[in-house]
Amino acid sequence: MDQAISREPVEQTTELALQEKAKLVKSMSRLDMIGFTVCAFVGLDTLGTVASNGAQGFTWLVVLALVFVLPYALLMAEVGSAFTQEGGPYEWSKMAFGRLQGAIAAVLYWVTNPLWVGGSLAFIATEAWNDNIFKIHSGGAGDYLFKFLFIWLSIGVAIVSLKRGKWIPNVGALMRIVVLGFFTLTTIIYAFSHGVNGFPVGDLKPTGAIFLALVPLLLFNYVGFELQNGAAEEMNDPQKDVPLAVLRSGVIGVLLYAIPIFAILVVLPQEKVTGIGGFLDAVTETFSVYGGASSFLLGVMTLCFVITLLTSGAVWMIGSDRILAVAAYDGAFPGFFGVFNRTFGTPVRVNTMSGIFATIFMVVAVASFHGGADAKFVVVLTIAISTTLISYLWVFPSALKLRYTHPHVRRPYQVPGGLRGMWVAAGLTTLWTALGSFVAVFPGTLESLFGIDYDFRDTWGVSHATYEALTLGTLAVILAIALIGYALGKPVRDRVAVIPLEADLPAPAPVVT
């Protein structure tokens with residue numbers, strides 16, 4: 001029996017959930033949470049792509065920081081500090097809309113990450129290593145080995161107990177600050193030596209074409225505030241620490257995107273910044289100011305770049321795997337995957353499944369799709385990555401609905417402006433997410449509606465019909481996984497237990513049916 005609306009400060013869950021929660025160990029301090037969220041929020045893999053769109057890329061970066069990141073941070077600060085169960089986004093969606101809806105949201109949220117690590121981050125890391133450190137023959141044994149090690153190092157970080165492994169996200173966050181700070185300093189030195197390229201102020205004026213092209217990418221860049229709540233019951237004091245961690249990491253994250261991209265645009269001609277390789281292209285150009293030391297420094301920066309990619313994948317695995325494991329021990333996915341390892345206190349079974357998915361995806365890309373460059377494979381990868389964005393269509397509205405269904409739960413922090421402010425924050429974030437999801441699933445549609453020139457085959461390398469067949473087919477497979485997983489979770493759901501939503505309330509005795 002599901003319970004979408006509760007009038008008591010309790011949550012309906014399962015006996016398995018009570019059993020597995022006993023294995024969780026509190027170890028995350030406020031500083032750990034800030035490092036974790038910065039590591040999730042700031043990805044270096046897309047800096048070049050944003051900068052390659054010129055000054056408009058910077059314009060939309062700033063605009064979305066104000067109209068998406070700000071309300072998003074306020075929303076997650078409230079719901080993340082009020083509802084502090086492990087597996088946050090799943091739990092919020094379940095309490096607001098029911099267990100089945102939570103199950104779909106959890107699978108959409110999770111599935112992105114093994115495919116992102118195995119089908120995108122591993123390829124970008126390999127390309128960077130090949131170009132600047134050591135040649136790797138595409139399709140050869142070294143290619144497979146490098147990508148395999150990248151994937152399983154990410155998984156290994158997720159498997160290690162959070163108490164011991166949390167220093168890796170912290171190092172990843174610090175490395176982002178050092179790398180991007182040193183790069184920005186170098187661009188300033190380069191500007192004094194070679195002059196400033198600059199751009200006309202008029203180039204900042206936004207256009208519909210660039211806006212629609214960048215929206216899904218920028219939104220994908222700007223998500224991750226709720227990821228720490230995947231491990232909410234492993235935080236020392238989530239009610240106090242979540243709001244501060246969200247707001248501080250949000251400021252740090254936006255600056256880490258905006259300052260380097262602005263530096264790239266001011267110093268380098270746009271033709272020298274190209275897509276995925278754009279950040280390291282900019283590093284290569286600007287590091288020429290160091291003369292004979294430039295090759296060595298480029299190698300160091302490339303190594304740091306690869307490590308930041310690895311920590312990005314690892315952090316998202318840590319959070320999203322926990323979210324799926326919580327769904328499993330709550331009966332919304334097969335209970336087998338809801339077991340936390342007694343030694344590590346981590347969902348090793350889900351971690352392993354993620355690693356297997358990522359490895360299979362990588363092998364298929366290298367062996368069957370021209371090293372991942374095949375247009376059809378890129379389409380499947382693109383929509384698979386977009387599923388995280390789609391999952392927020394449950395997460396953001398759940399924060400609003402919980403104001404109505406669970407008003408009795410104490411909220412240490414609330415979105416300013418009362419209920420009206422909550423409507424504005426939830427409305428803006430949901431609207432942007434819906435727009436980004438629509439553009440990702442149906443590209444070219446809004447361009448055609450607004451009379452914007454858009455060559456579909458030139459953009460994607462396939463026909464519009466082929467794209468939609470691949471896209472909708474991929475989403476159908478993911479939905480089928482969620483529904484089948486939910487059906488297989490019934491034996492766990494049948495053994496019901498009730499627990500308090502707030503730690504300061506006395507725990508009622510488990511009720512089993």
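Ring geometry for Phe182 versus Phe287: interplanar angle over 60°, hence perpendicular rather than tilted (30 to 60°).
Partners of Ser249 by side chain to side chain donor-acceptor pair (under 3.5 Å), not counting sequence neighbours: none found. Considering only residues two or more places apart in sequence or on other chains, Phe296 meets the ring pair (Phe, Tyr, Trp, His ring centres under 6.0 Å) condition with none of them.
In this structure, Phe357 places its CZ atom where only 12 or fewer heavy-atom neighbours from other residues, nucleotides or ligands lie under 6.0 Å away. For Asp453, the CG atom is loosely surrounded, since the number of other residues' heavy atoms within 6.0 Å does not exceed 12. Summarising the local packing, CZ of Phe456 is surrounded by more than 12 heavy atoms from other residues, nucleotides or ligands at distances under 6.0 Å.
Looking at Thr112 and Thr387, their side chains do bring a donor and an acceptor atom within 3.5 Å of each other. For the residue pair Ser354/Asn351, the side-chain donor-acceptor check at 3.5 Å is not satisfied. With no hydrogens or angles considered, no side-chain donor-acceptor pair links Trp460 and Thr466 at under 3.5 Å.
Because its NZ or CZ atom is both nearer than 6.0 Å to the ring centre of Phe123 and within 45° of the ring axis, Lys147 counts as a cation-pi partner of that residue.
Annotation for Gly230 and Arg322: closest pair O-CB, 3.6 Å, computed over non-hydrogen atoms. Contact between Leu61 and Ile261 at its shortest, heavy atoms only, is CD2-CD1, 4.0 Å. Contact detail for Ile151 and Gly355: the closest heavy-atom pair is CG2-O, 4.0 Å.
The side-chain contact (heavy atoms from CB on, under 4.5 Å) with Val69 is formed by just one residue from the set Phe225, Trp432, Tyr257; it is Phe225.
Between Arg30 and Leu244, some side-chain heavy-atom pair lies under the 4.5 Å cut-off. Counting only heavy atoms from C-beta outward, the side chains of Glu226 and Trp92 approach each other to under 4.5 Å. Within the 4.5 Å cutoff, the side chain of Leu214 has no heavy atoms near those of the Gln56 side chain.
Between Phe68 and Tyr222, the distance separating the two ring centers is not shorter than 6.0 angstrom. You'll find the ring centres of Phe396 and Tyr392 inside the 6.0 Å limit.
Distance check, rounded to the nearest 0.5 Å: NE2 of His464 to OH of Tyr454 gives 8.0 Å.
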